[in-house]
Amino acid sequence: MKKTGIAAILCIAAIAVSGCSGQGSSEPLTTTTTVSTTETTAVTTEITAVTTTTAAPPLDDYVLTEGLVLEADEASVRDERCDLNLTNESKSAITYQQDYRLIDAATGQPVKIRNSMEEEKKKPQKIVPGETKTIHANWSGRYGRLPEGDYYYELLISTDNATGKRKVCRAEFTVVASVFTPTLKIDPATVTPHSLTLLVRNSDDAARTYGLVFRVYQAESGATQFRQVDQTAKKNKNYKLPAGGTLTLELDWKSGFGSLAPGAYYLEIDLLEDGAESARTYRADFEVT
């Protein structure tokens, strides 16, 4: 799909589918430990994949609604939301239904709905000639987070009584999740059996907030070692990450857990993007020998 600052899309139409991580002993686990670490980068947890029906042919049950233009603001696109601008270029007021669905542009098929009951039904809205309305679309509850790819946001205008087909506007948008990924780095010089320094570098797309909890796991088995509130960051109010900014976290678990035995581990923290409804988990690996 060709990208522009704002992806302009023609109004099209389509069929109604349902809804267009402890505290442990304070005794150290080891007494004398030599530590060596390796530099790491963050790895995000997997986003729940949203599947589509690929065997069926593209939909042909829609009709084009004339006079309305729906555009997706490319800068606002995330895997669970985006802003769209609806403009009435006709000479008459038009009522639209505030219902929608997502279409996989590659297959022409609707994205599989995860939960069709979570959203309240909204009243129809009227848009007058020359007016532009912004729609703050958030599909996290209905569809979850979308994997990378091209999609159509299909806004229901009305249903054609004669044909039974939906009259809709469509806006095409592209989800590129890798562009919006903060990174984590552990400073090797700071690692001890009971502490380390973690550098969190935010991506440029949005501000984020650190969840003030970190978790450590054994790398090989995935077994949880401990989960602990970051009291230092909480006390210093060191948890806000502006877009493109960095956050230095001094993590110490001696009083809450003790010392880690030699071995390979990974650490997880959660970051909540401004405007998102749920946080994401980010990971960095380290080793104690």
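- In this structure, Tyr143 contributes its side chain and Leu102 its backbone to a donor-acceptor pair below 3.5 Å.
- Ile127 contributes atom CD1, which lies 8.5 Å from atom OG of Ser90 (distance to the nearest 0.5 angstrom).
- Side chain of Asp187 to backbone of Val191: no donor-acceptor contact under 3.5 angstrom is found.
- Using a 4.5 Å cut-off on side-chain heavy atoms (C-beta onward), Asp83 and Ile135 make no contact.
- A salt bridge does not link Glu268 with Arg283: none of the charged nitrogens is closer than 4.0 Å to a carboxylate oxygen.
- At a threshold of 4.5 Å between non-hydrogen side-chain atoms, the residues Phe173 and Tyr153 count as touching.
- In this structure, CG on Leu70 lies 5.0 Å from CG on Leu84, to the nearest 0.5 angstrom.
- The shortest distance between side-chain heavy atoms of Glu273 and Asp205 falls below 4.5 Å.
- You'll find the side chain of Leu271 stays beyond 4.5 Å of the side chain of Thr209, heavy atoms only.
- In this structure the side chain of Tyr96 reaches within 4.5 angstrom of the side chain of Lys133, judged on heavy atoms.
- Of all non-hydrogen atoms in Ala171 and Ala72, the two that sit nearest each other are CB-N, 4.0 Å.
- Closest approach of Asn202 and Pro182 over heavy atoms only: OD1-CG, 3.6 Å.
- Heavy atoms only, all atoms of each residue included: Asp270 and Ala279 are closest at CB-CB, 4.1 Å.
- Judged by distance alone, the side chain of Glu172 and the main-chain N or O of Glu71 form no donor-acceptor pair under 3.5 Å.
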Using the side chain to side chain contact (heavy atoms under 4.5 Å, CB included) rule, take Arg145 and Ser278 through it: C-alpha gap first, then chi angles, then the decisive distance, then the call.
CA-CA 10 Å; Arg145 292 173 170 147; Ser278 58; 3.0 Å; yes

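- Connection of Leu272 to Val213 is not established within any shared hydrophobic cluster, with ILVMFWY side chains joined at heavy-atom distances below 4.5 Å, either directly or through further cluster members.
- A continuous path of Ile, Leu, Val, Met, Phe, Trp and Tyr side chains, each step under 4.5 Å between heavy atoms, connects Tyr239 with Ile269, placing both in one hydrophobic cluster.
- Between Arg208 and Tyr282 the shortest side-chain heavy-atom distance falls below 4.5 Å.
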Between Leu267 and Leu196, does a side chain to side chain contact (heavy atoms under 4.5 Å, CB included) hold up when you go through it step by step?
CA-CA 10 Å; Leu267 176 148; Leu196 57 79; 4.3 Å; yes

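- A donor-acceptor contact under 3.5 angstrom links the side chains of Asp150 and Thr174, judged on distance only.
- In this structure, NZ on Lys237 lies 11.5 Å from NZ on Lys234, to the nearest 0.5 angstrom.
- With Leu249 as reference, Leu198 is the one residue of Leu198, Thr197, Leu184, Leu212 to meet the side-chain contact (heavy atoms from CB on, under 4.5 Å) rule.
- Atom OG1 of Thr132 and atom CD of Glu89 lie 8.0 Å apart (nearest 0.5 Å).
- The nearest pair of heavy atoms linking Lys240 to Leu247 is O-CD1, 3.9 Å.
- Proximity of a side-chain donor or acceptor of Thr107 to a complementary backbone N or O of Gln109 within less than 3.5 Å is detected.
- The only option from Glu277, Arg78, Arg81, Arg114 that meets the side-chain hydrogen bond (donor to acceptor under 3.5 Å, both in side chains) definition with Ser140 turns out to be Glu277.
- In terms of modelled atom types and a separation under 3.5 Å, the side chain of Asn236 and the main chain of Asn238 share no donor-acceptor contact.
- A donor-acceptor contact under 3.5 angstrom links the side chains of Tyr210 and Asp230, judged on distance only.
- A salt bridge links Asp99 with Arg142: the closest approach of a Lys/Arg side-chain nitrogen to an acidic carboxylate oxygen falls below 4.0 angstrom.
- Contact record, Glu80 with Asn138: O-OD1, 3.4 Å, taken as the closest heavy-atom pair.
- The environment of Arg201 atom CZ is sparse: at most 12 non-hydrogen atoms of other residues, nucleotides or ligands sit within 6.0 angstrom.
- Heavy atoms only, all atoms of each residue included: Leu86 and Cys169 are closest at CD1-SG, 4.3 Å.
- Thr248 has its side chain within reach of Glu250: a pair of non-hydrogen atoms, C-beta onward, lies under 4.5 Å apart.
- Looking at Asp252, its side chain never comes within 3.5 Å of a backbone N or O of Ser195 through a donor-acceptor pair.
- The CD atom of Gln218 sits 9.0 Å away from the CG atom of Leu260 when rounded to the nearest 0.5 Å.
- Taking CD from Gln98 and NZ from Lys122, the interatomic distance works out to 5.5 Å, rounded to the nearest 0.5 Å.
- For Phe226 and Phe257, the distance between ring centers is under 6.0 angstrom.
- Counting only heavy atoms from C-beta outward, the side chains of Ser158 and Thr95 never approach each other to under 4.5 Å.
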Audit row: Arg170, Ile103, side chain to side chain contact (heavy atoms under 4.5 Å, CB included) steps and yes/no:
CA-CA 9 Å; Arg170 273 184 174 182; Ile103 304 295; 3.8 Å; yes

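- Ring centroid separation for the pair Trp253 and Tyr265 does not come in under the 6.0 Å cut-off.
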